[in-house]
There are 2 protein chains.
Amino acid sequence: MTRREDAAEATGGSTRERLLGATLRTVAEHGIAKVSARTVAAAAGVNQALVFYHFGSVEEMLAAACEQGARERVGRQREALEGVGSLTDLVHVARSVHAQERAAGNVALLGQLLAGAQSHPALAAPTAAGLELWVAEVERVLARLLEKTPLHGVVDVPGLARAVSASFVGLELYEAVDEKGAEAAMSSLEQLANLLSAVEELGPITDRAVRRRLRRTTSG
Amino acid sequence: MTRREDAAEATGGSTRERLLGATLRTVAEHGIAKVSARTVAAAAGVNQALVFYHFGSVEEMLAAACEQGARERVGRQREALEGVGSLTDLVHVARSVHAQERAAGNVALLGQLLAGAQSHPALAAPTAAGLELWVAEVERVLARLLEKTPLHGVVDVPGLARAVSASFVGLELYEAVDEKGAEAAMSSLEQLANLLSAVEELGPITDRAVRRRLRRTTSG
DNA sequence: GTCTATACATGGATAGAC
DNA sequence: GTCTATCCATGTATAGAC
């Protein structure tokens, strides 16, 4: 071992990359409140001063990590999302994505950043951008699913994608304080997806009824 | 003015109460990261050492504030929730609740605590308890709404109430970083509620179809 | 690019006077 | 119960040697 791999550091790569990785790990494992130049540098196995050399400030490092982390994780889940063929699938995939992200220590990363953005306004933009990456994926899936249903053209897909994404973040945060409750919540959403699938498959007669009803109640 | 009311302090009441109020205000306005014995005490217009005299630690003060804050705010919205008569109503009321809480500076309070619970495990229990107060209200409303629909007995109401509550928290956090996106999300949920209302009113024939379909797809 | 050393600020917490 | 004074830990940031 010529390379040193002493403590909890060194995933390989440049110092800059190690710091970004350590930032994400720290947020995921200990929450954004525990992110500091010292803790992150220690996790990366580098000197504290390098945070300021590479990023200028802790906040900017956090912003950079947010962007990179979201991009990487969305990429990792894209394939699974492409395979979604029904609303029931969507909830199943969501559950799987959640489990994987949790296993990877990424659960509630966006939640932490979302919460942190209130104290550090500079985080708002990169956090929104990070969430937007997920929104874009969800939007694509929803658009594909709804295309051949009576909901096509009736439901605001971009809005719904944002609602789904934000809700998912809320559920991730919730899980940290009440695992059983979160599990119950997930299950109930599966049931709801099944209900919507049922509606989808009721056929053209009820489709028309749904359409008519929707025209009557929606204003915008 | 015999009483002093110099800075941003003194809503009246005992020092203990002032500290609790100041804690909630600080969390709501600046995020949990800015909560410290010094900042809260300053906002309350009292001495910093009194935090430790009355609560023992900052964390315990936060926990106490969480419990009290959730209780008070749920109580303030209970009447509106009682008046909910349809799913469409529910989303409208949710929107109104959200707007009011935002105006009162309470937006994302639970989100902040949820996020903070990851760094301060002692916050998990009181935060879960605070959220549970909302869950209980939502659960009551949902149970009432679903009672007379084909969904009665099919959908897990406690689970759905948790999903709705957690999602709402996610939406509140989201709004802080992307107001327009959150608005779109809310609107799309209204549309979804309208869709469900439509299904509700399709009558007994489709009710049976929905029931049959649900029996086929749900395992638990 | 990376390290040591250091300054300066903020925050948790306690002791003791009033 | 409340205040002042104080200690100590942690964290941001910079200067300067290597």
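Proteins come first, then strands; the chains are lettered A, B, ... in the order of their sequence lines, and each starts at number 1. The analysis underlying the following values was restricted to heavy atoms, covering all of them including side chains, and did not include hydrogens, waters or symmetry mates.
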What integer distance in Å separates [X]:[atom1] from [N]:[atom2]?
X: A:Phe55; N: C:dG1; atom1: CZ; atom2: C1'; answer: 14 Å
X: A:Met61; N: D:dG11; atom1: CE; atom2: C1'; answer: 12 Å
X: A:Phe52; N: D:dT14; atom1: CZ; atom2: P; answer: 8 Å
X: A:Leu50; N: D:dG11; atom1: CG; atom2: P; answer: 17 Å
X: B:Lys34; N: C:dG11; atom1: NZ; atom2: C1'; answer: 12 Å
X: A:Asn47; N: D:dA15; atom1: CG; atom2: P; answer: 16 Å
X: B:Arg38; N: C:dG11; atom1: CZ; atom2: C1'; answer: 6 Å
X: A:Arg18; N: C:dG1; atom1: CZ; atom2: C1'; answer: 12 Å

Does any part of the side chain of B:Glu190, heavy atoms only, come nearer than 4.5 Å to the side chain of B:Thr88, both counted from C-beta?
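A side-chain contact under 4.5 Å is absent here.
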
Does a side-chain heavy-atom distance below 4.5 Å link B:Val138 with B:Phe168?
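Of all side-chain heavy-atom pairs linking B:Phe168 with B:Val138, none is under 4.5 Å.
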
Select base, sugar-phosphate, or nothing to describe what A:Val51 touches, counting heavy atoms under 4.0 Å on all strands.
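A:Val51: no heavy atom of the nucleic acid under 4.0 Å.
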
When we call it a touch if two heavy atoms are under 4.0 Å apart, what does B:Ala37 touch: a base, just sugar-phosphate, or nothing?
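Answer is sugar-phosphate: B:Ala37 comes under 4.0 Å of backbone atoms only.
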
Selection from [options] that lies nearest to any side-chain heavy atom of [X]:
X: A:Ala49; options: C:dT4, C:dA13, D:dT12; answer: C:dT4
X: A:His54; options: C:dG11, C:dG1, D:dT12; answer: C:dG1
X: B:Gln48; options: C:dG11, C:dA5, D:dA5; answer: D:dA5

Is A:Ser57 near enough to D:dT12 that one of its side-chain N or O atoms lies under 4.0 angstrom from OP1 or OP2?
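The answer is no; no side-chain N or O of A:Ser57 sits under 4.0 Å from OP1 or OP2.
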
Among side-chain atoms of A:Glu59 and A:His120, is any donor-acceptor pair under 3.5 angstrom?
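Result is yes, a qualifying pair exists.
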
Electrostatic pair A:Arg140:A:Glu137 at N-O distance under 4.0 angstrom:
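Salt bridge: yes.
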
Residues B:Arg71, B:Glu67: salt bridge by 4.0 Å N-O rule
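Counted as a salt bridge, because a side-chain N and a carboxylate O are separated by less than 4.0 Å.
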
